[in-house]
Amino acid sequence: MEAQRIVVKVGTSTLLREGGGVNLRRMDGLARVLADLKNMGHQVILVSSGAIGVGAGKLGMKARPTELRQKQAVAAVGQCELMHLYDKFFAEYGQTVAQILLTDEDVDVPSRAEHLSGTFTALLELGCIPVVNENDSVSSTEIETGQKKVLGDNDTLSAIVAGLCGADLLVLLSDIDGLYDADPHKCPGAKLIHRVEAITPEIEALAGGGGTQWGTGGMYTKLTAARRAMDHGIDMVIANSEHLDALYDIVEGRDVGTRFAAARRPTSVG
Ligand SMILES: Nc1ncnc2c1ncn2[C@@H]1O[C@H](COP(=O)(O)OP(=O)(O)O)[C@@H](O)[C@H]1O
Ligand SMILES: N[C@@H](CCC(=O)OP(=O)(O)O)C(=O)O
């Protein structure tokens, strides 16, 4: 199989247990599969949410804080803990991680975006796994609702990163198998949609908000991400983070979750 450049995004609901503690087993499994994909010759970029959730857990809070300055402070604690855990788990599997924290301006201003793209390329050439998040402690774009600019959320951020890096594939790992014809947490009989070829108003109408107290964007932001990825000619897949081995199948193009199939495909790495 041809080597691919793959961006994988994990949401807060994937990283945290219901009580707010970190799901260490999940993080370990994620590091193992991503390290293995890299050993297979693929290049991997991880976009990880969880700074606020992990920070809240570490500080003994029972729910996400609501006040902006508190969220920004909690994110500073959580981001540190997140990277500590990623560093530890990826090191177990022989990989080096690199932290990239972004604000709107970094992807919006062309000269900065160009530098950023160069940094990603250099990190991948050095054999690292970049771990990306919004710089929540200095940027309030994402965590302050109603004031969204370019980034807005990590689903969108992952699609921007995928475009910036010329990725072949974007995978959003969530707490759900993919896009359903209604929110399964509200409509138990909802049916999974396996393939989407265009984000039509009918598709948009299916999307609801987040499912847990920890997740933020729900399906809305995932569809925004899908549109951006498809505009760049990049396929996007939404899949359940409970079955991390499915990542192998996704990379091989097998039917898992919901695939948003782009009309044009960029050329592969190497
Ligand atoms: N049509 C839909 N299909 C699937 N999930 C949906 C849909 N509409 C809303 N959702 C909700 O979106 C949630 C996933 O988004 P979110 O909670 O933000 O997770 P993450 O932290 O992974 O980004 C699901 O748990 C589900 O409740
Ligand atoms: N940047 C924030 C995550 C925001 C976000 O998009 O969260 P999610 O919906 O769980 O992917 C954080 O690290 O807490």
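In this chain, residues are counted from 1 in sequence order. Order of listing sets the numbers, starting from 1, for every ligand and every atom in it. Heavy-atom basis, side chains included; hydrogens, waters and symmetry copies ignored.
Which parts of ligand 1 touch T12 is read off a 4.0 Å heavy-atom cut-off, strictly below it: atoms 21 (O). The N133 neighbourhood of ligand 2 comprises atoms 1 (N), 12 (C), 13 (O), with distances under 4.0 Å to a heavy atom of that residue. Near G178, meaning under 4.0 Å from any of its heavy atoms, are these atoms of ligand 1: 3 (N), 4 (C). For ligand 1, the atoms sitting less than 4.0 Å from at least one non-hydrogen atom of M219 are 2 (C), 3 (N), 4 (C), 5 (N), 6 (C), 7 (C), 8 (N), 9 (C), 10 (N), 12 (O), numbered in the order shown with element in parentheses. Set against the non-hydrogen atoms of G11, the atoms of ligand 2 under 4.0 Å away are 10 (O), 11 (O). Taking a cut-off of under 4.0 Å to the non-hydrogen atoms of S49, the atoms of ligand 2 that pass are 3 (C), 5 (C), 6 (O), 7 (O), 8 (P), 10 (O), 11 (O), 13 (O). Close approach of ligand 1 to G11 (heavy-atom distance below 4.0 Å) involves ligand atoms 20 (P), 21 (O), 22 (O). Using a 4.0 Å cut-off to heavy atoms of N154, the atoms of ligand 2 that qualify are 1 (N), 3 (C), 6 (O). If you number the atoms of ligand 1 from 1 as listed, the ones under 4.0 Å from a heavy atom of S174 come out as 14 (C), 19 (O), 20 (P), 22 (O).
With respect to the salt-bridge test (charged N to carboxylate O, under 4.0 angstrom), the residues R227 and E204 qualify. Look at R112 and D106 and you find a salt bridge, because one of the NZ, NE, NH1 or NH2 atoms lies within 4.0 Å of a carboxylate O, short of that distance. D235 has a carboxylate O that lies under 4.0 Å from a charged side-chain N of R259, or vice versa, which qualifies the two as a salt bridge. A salt bridge is defined here as a Lys NZ or Arg NE, NH1 or NH2 lying under 4.0 Å from an Asp or Glu carboxylate O, and D153 with K9 fails to meet this definition.
The minimum heavy-atom distance linking A167 with V7 is given by the pair CB-CG2, 3.8 Å. Taking every heavy atom of both residues into account, S49 and T12 meet most closely at CB-OG1, 3.6 Å. Nearest heavy atom pair, residue R5 against residue C165, reads NH1-O, 2.8 Å.
Within the 4.0 Å heavy-atom shell around ligand 2 one finds G50. At a 4.0 Å cut-off, not a single heavy atom of S49 sits close enough to ligand 1 to count as contact. K9 counts as a contact of ligand 2, since one of its heavy atoms falls under 4.0 Å from the ligand.
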Evaluate side chain to side chain contact (heavy atoms under 4.5 Å, CB included) for F120 paired with V132, printing each intermediate quantity in order.
-> CA-CA 10 Å; F120 274 116; V132 186; 3.7 Å; yes
Starting from the C-alpha separation in whole Å, work towards a yes-or-no answer on side chain to side chain contact (heavy atoms under 4.5 Å, CB included) for V97 and M83.
-> CA-CA 8 Å; V97 291; M83 284 314 294; 4.0 Å; yes
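Side-chain polar atoms of K38 and Q95 form a donor-acceptor pair below 3.5 angstrom. Side-chain contact, N135 with T103: no donor N or O sits under 3.5 Å from an acceptor N or O.
A distance of 12.0 Å separates CD1 of I100 from CG of L46, quoted to the nearest 0.5 Å.
In K222, the part holding a heavy atom less than 4.0 Å from any atom of ligand 1 is the side chain. Proximity of D136 to ligand 2, defined as any heavy-atom pair under 4.0 Å, is confined to the side chain (atoms from C-beta onward). Residue contacts with ligand 1 for P184 involve side-chain atoms from C-beta outward but no N, CA, C or O (heavy atoms, distance under 4.0 Å). Residue K9 touches ligand 1 through its side chain alone, judged by heavy-atom distances below 4.0 Å. Contacts of H185 with ligand 1, taken as heavy-atom pairs under 4.0 Å, involve the side chain alone.
Looking at L206 next to ligand 1, an N or O pair under 3.5 Å apart turns up. The distance criterion of under 3.5 Å between nitrogen or oxygen atoms is met by A51 with respect to ligand 2. The N/O atoms of T12, backbone and side chain alike, include one that comes under 3.5 Å of an N/O atom in ligand 2. Between R64 and ligand 2, not a single N/O pair is under 3.5 Å apart. Considering backbone and side-chain N/O of S48, none are found under 3.5 Å from N/O of ligand 2.
Comparing T14, I52, D175 against atom 14 (O) of ligand 2, the shortest heavy-atom distance belongs to I52. Closest to atom 25 (O) of ligand 1 by heavy atom, among D175, N240, L179, V10, is D175. The heavy atom nearest to atom 20 (P) of ligand 1, considering only S13, G218, C187, is found in S13. For atom 26 (C) of ligand 1, the nearest non-hydrogen atom from the set L192, D183, L15, T14 belongs to D183.
Counting heavy atoms from C-beta on, the side chains of L30 and S241 never come closer than 4.5 Å. Counting only heavy atoms from C-beta outward, the side chains of M219 and I176 approach each other to under 4.5 Å.
Within a 6.0 Å sphere centred on CZ of R254, other residues, nucleotides and ligands contribute more than 12 heavy atoms.
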